[in-house]
Amino acid sequence: MDLQGFLLRARVLKLYRQALRAARKAPHDSRAELKQVIRQEMESNRDCKDRQKIRFLISEGTERLKGLTEMLGMQGHC
């Protein structure tokens with residue numbers, strides 16, 4: 001793995017950890033399901049080698065995480 005690949009992998013893992021941390025702040029009854037959805041999303045793109053697509057997925061994931069965090073904040077769970 002070259003430096004660029006290493007850096008992309010680090011960004012993906014950071015996003016995954018942030019998503020799981022946000023899921024901890026969800027209501028208890030939906031927390032497990034949310035974690036499962038996050039894991040499925042990551043697993044479905046695990047074998048992606050196209051760096052452009054990976055960058056797009058990181059960007060999309062970041063936006064979705066931002067929306068989730070805002071929604072949980074509005075509900076008073078953050």
Side-chain angles (χ1 to χ4, degrees):
M1 179 184 312
D2 63 346
L3 179 62
Q4 189 72 7
F6 179 79
L7 293 174
L8 276 176
R9 183 176 186 276
R11 289 177 60 198
V12 169
L13 292 174
K14 179 181 178 182
L15 178 61
Y16 183 58
R17 285 191 303 271
Q18 289 174 330
L20 290 177
R21 283 187 198 111
R24 281 191 229 145
K25 298 174 182 175
H28 184 70
D29 57 335
S30 61
R31 195 173 300 157
E33 182 180 354
L34 182 56
K35 285 182 180 182
Q36 183 181 13
V37 168
I38 292 167
R39 183 175 176 91
Q40 285 174 346
E41 288 286 328
M42 297 302 269
E43 286 287 334
S44 69
N45 294 297
R46 176 179 224 154
D47 296 323
C48 181
K49 302 292 183 208
D50 181 1
R51 291 185 179 176
Q52 193 68 20
K53 182 176 180 183
I54 294 170
R55 286 185 195 97
F56 170 77
L57 291 168
I58 291 170
S59 177
E60 182 180 286
T62 301
E63 288 301 312
R64 290 175 67 183
L65 176 60
K66 187 175 160 184
L68 174 64
T69 303
E70 288 174 2
M71 183 184 70
L72 291 173
M74 283 185 209
Q75 293 177 352
H77 293 290
C78 283

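Scope of the values below: all heavy atoms of this structure, side chains included, with no hydrogens, waters or symmetry mates.
- Judged as a side chain to side chain donor-acceptor pair (under 3.5 Å), and not counting sequence neighbours, the contacts of Glu43 are Arg46.
- Between atom NZ of residue Lys25 and atom CG of residue Leu34 there is a gap of 12.5 Å, rounded to the nearest 0.5 Å.
- Applying the side chain to side chain contact (heavy atoms under 4.5 Å, CB included) rule to Leu8 yields the partners Arg11, Arg51, Ile54, Arg55, Ile58; only residues at least two apart in sequence or on another chain are considered.
- The shortest heavy-atom contact between Leu72 and Ala22 is CD1-O, 3.4 Å.
- Residues Arg31 and Arg24 share a closest heavy-atom pair of NE-O, 3.3 Å.
- In this structure the side chain of Asn45 never reaches within 4.5 angstrom of the side chain of Val12, judged on heavy atoms.
- Across all non-hydrogen atoms, the minimal contact from Ile38 to Ala23 is CD1-CB, 4.0 Å.
- Contact check for Arg17 versus Leu13: side-chain heavy atoms found under the 4.5 Å cut-off.
- Remark: Glu60 CD is packed, more than 12 non-hydrogen atoms of other residues, nucleotides or ligands lying under 6.0 Å away.
- Separation of atoms CD (Gln18) and OG1 (Thr62) is listed at 7.0 Å; rounding is to 0.5 Å.
- Evaluation of the side chain to side chain contact (heavy atoms under 4.5 Å, CB included) rule for Lys66 yields Glu63, Glu70 as partners, not counting sequence neighbours.
- Residue Arg39 comes nearest to Tyr16 through the heavy atom pair NH1-OH, 3.8 Å, listed as atom of the first residue, atom of the second, then distance.
- Put simply, Met42 and Leu20 are part of the same group of oily side chains (I, L, V, M, F, W, Y) that touch within less than 4.5 Å, one to the next.
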